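Worth saying up front: this structure is predicted, and the values here are computed from it rather than measured.
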Amino acid sequence: MKQEARAPTIPRRQGAGPTPVSYAQRRLWFLDRLAPNSPTYNMPFTLHLAGPLDVEALRRAFELLTHRHEILRTTFEERAGEAFLCVHPPTSWAMPVVDLSGRSLDARTAEAQRLADEEARRPFDLERGPLFRTTLLKLEVAEHVLLVNMHHIISDGWSTGLMMREFAAQYEALRQGRTATLPELPVQYGDYAAWQRERFTGGTLEKQLAYWSRQLADVPSSLRLPTDRPRPVVSTDRGAELVVRLPPKVAEAVKAFAMREGATPFMVLLAGFQVLMSRLSGQDDLVVGALIAGRTHRELEGLLGFFVNTLVLRADLSGDPTVEQLIGRVMETTLGAFAN
């Protein structure tokens with residue numbers, strides 16, 4: 001019986017020497033050096049907490065999180081032009097509490113919004129840290145707003161959901177006078193970073209560089225969409241998000257079509273989006289960036305950190321392909337990108 005190929009196990013790093021950052025972190029480190037004190041890669045969110053609150057249990061829950069996950073107490077140092085992880089020992093967690101309960105409803109609502117906006121825009125210092133902050137706003141005796149903010153270099157969307165699940169488990173346990181029993185972490189983020197930098201050297205790195213050099217050769221510099229105003233000379237980080245929910249019947253039809261073609265719903269939707277962009281721009285060569293989780297090993301599923309990666313998916317719509325032909329091209333490009 002043929003055995004399936006298994007990804008190599010990520011070992012714990014040995015010794016106390018400096019650990020280089022992961023390739024994903026290296027990108028953000030470079031961008032931070034290019035535009036220091038920018039809040040572009042902040043990851044802020046707020047939680048509205050209604051009902052009786054044990055403030056000390058809340059603070060302690062975050063403290064236990066930072067003890068469990070090294071990345072939450074990590075800063076970054078530069079040596080000879082390269083960035084390295086600097087993991088700090090576990091310490092007591094500081095969580096400022098701002099009491100707004102003595103103000104009128106309108107005043108405390110406005111002040112809570114102002115403080116949330118201010119926290120979201122407050123930059124992080126990657127060298128001095130901390131890169132993870134929490135602030136509790138007290139609106140009433142049984143009503144609070146929790147402000148949480150992290151720099152993207154230590155977290156991603158998957159990590160945020162994971163962190164809040166662990167935080168909730170710890171908080172509930174602490175309220176009952178105990179600590180939550182969580183599965184042991186087989187590795188820490190520094191182990192992953194060291195393994196990745198060691199693995200992607202020599203022939204492996206050259207192979208991937210060669211693949212992307214071919215894929216991105218003569219790539220178009222922009223997408224010529226018929227916008228209602230000229231493209232700015234200097235790009236900004238102004239943007240928006242549009243959430244589209246497909247009706248159930250349409251979603252099922254997409255899944256059924258993908259199954260017939262041996263593709264995935266993602267590939268079908270990507271092909272449709274590429275056709276739309278091609279029609280609007282008049283281009284038959286264009287690129288789309290797609291985010292992937294980047295957690296290719298079981299050891300990484302329960303770990304906080306920055307694993308997400310942006311893949312460049314180049315579309316070839318030349319020759320007026322049929323839908324089936326286009327799906328085939330998208331499949332080949334997508335699978336190749338995932339493999340590299």
By side-chain hydrogen bond (donor to acceptor under 3.5 Å, both in side chains), Glu206 pairs with (sequence neighbours left out) none

Residues at least two apart in sequence or cross-chain that pass ring pair (Phe, Tyr, Trp, His ring centres under 6.0 Å) with Phe76, listed by chain then number, are none

Rounded to the nearest 0.5 Å, the CZ atom of Arg122 sits from the CG atom of Asn42 at a distance of 9.5 Å

In short, Val308 meets Ala24 closest at the heavy-atom pair O-CB, 4.3 Å

The salt bridge (Lys or Arg N to Asp or Glu O under 4.0 Å) partners of Arg33 (sequence neighbours excluded) come to Glu78, Glu127

Rounding to 0.5 Å, atoms CD (Gln215) and CG (Asn340) come to a distance of 8.5 Å

In this structure, CD1 of Ile153 is separated from CZ of Arg26 (nearest 0.5 Å) by 12.0 Å

According to the interplanar angle, ranging from 0 to 90°, do the rings of His152 and Tyr41 count as parallel (below 30°), tilted (30 to 60°) or perpendicular (above 60°)? tilted

side-chain hydrogen bond (donor to acceptor under 3.5 Å, both in side chains) filter on Asp32, not counting sequence neighbours, yields none

Quick note, salt bridge (Lys or Arg N to Asp or Glu O under 4.0 Å) partners involving residues 315-340, not counting sequence neighbours, are Asp316-Arg329

Taken in chain and number order and not counting sequence neighbours, the residues that satisfy salt bridge (Lys or Arg N to Asp or Glu O under 4.0 Å) with Arg73 are none

Applied to residues 230-274, the ring pair (Phe, Tyr, Trp, His ring centres under 6.0 Å) test, sequence neighbours excluded, yields none

His69 side chain near Met163 side chain, heavy-atom distance below 4.5 Å: no

Applying ring pair (Phe, Tyr, Trp, His ring centres under 6.0 Å) to Phe167 and not counting sequence neighbours gives Phe62

Side chain to side chain donor-acceptor pair (under 3.5 Å) for Asp99 and Ser101? Distances and angles first, verdict last.
CA-CA 6 Å; Asp99 191 349; Ser101 60; 2.5 Å; yes

Nearest heavy-atom contact between Glu299 and Ile10 is OE2-N, 3.1 Å

In short, side chain to side chain donor-acceptor pair (under 3.5 Å) pairs touching residues 248-269 with sequence neighbours left out are none

dist Met331:CE -> Thr333:OG1 (nearest 0.5 Å) comes out at 11.0 Å

Exercise. Hey, mind stepping through Asn149 and Leu147 against side-chain contact (heavy atoms from CB on, under 4.5 Å) and telling me if it holds?
Worked result: CA-CA 7 Å; Asn149 200 0; Leu147 309 181; over 6 Å; no

Problem - Geometric cation-pi criterion Arg295 and Tyr192, 6.0 Å radius, 45° cone - result: no

Exercise. Taking the six-membered ring for Trp, are the ring centroids of Tyr189 and Phe306 within less than 6.0 Å of each other?
Worked result: no

### Task
For salt bridge (Lys or Arg N to Asp or Glu O under 4.0 Å), just list the numbers for Glu63 and Arg59, CA-CA rounded to whole Å, side-chain angles, deciding distance to a tenth of an Å, and then say yes or no.
CA-CA 6 Å; Glu63 183 172 283; Arg59 185 202 67 79; 2.7 Å; yes

When you look at CZ of Arg178, are more than 12 heavy atoms from neighbouring residues, nucleotides or ligands closer to it than 6.0 Å? yes

Output for pair (Ser155 OG, Leu72 CG), nearest 0.5 Å, gives 7.5 Å

Self-check item: Asp156 and Ser159: side chain donor to acceptor below 3.5 Å
Solution: yes

Residues at least two apart in sequence or cross-chain that pass salt bridge (Lys or Arg N to Asp or Glu O under 4.0 Å) with Arg114, listed by chain then number, are Glu111, Glu118

Between Thr296 and Leu300 the two heavy atoms that sit nearest each other are N-CD1, 4.3 Å

Tell me, do Arg68 and Leu185 make a side-chain contact under 4.5 Å, heavy atoms counted? yes

Scanning both residues in full, the closest heavy-atom pair of Phe132 with Val148 reads CE1-CG1, 3.8 Å

Across all chains, not counting sequence neighbours, the side-chain hydrogen bond (donor to acceptor under 3.5 Å, both in side chains) partners of Gln113 are Asp117

Any side-chain heavy-atom pair of Leu131 and Thr74 under 4.5 Å | no

So side chain to side chain donor-acceptor pair (under 3.5 Å) across residues 135-147, not counting sequence neighbours, yields His48-Glu143, Arg108-Glu140

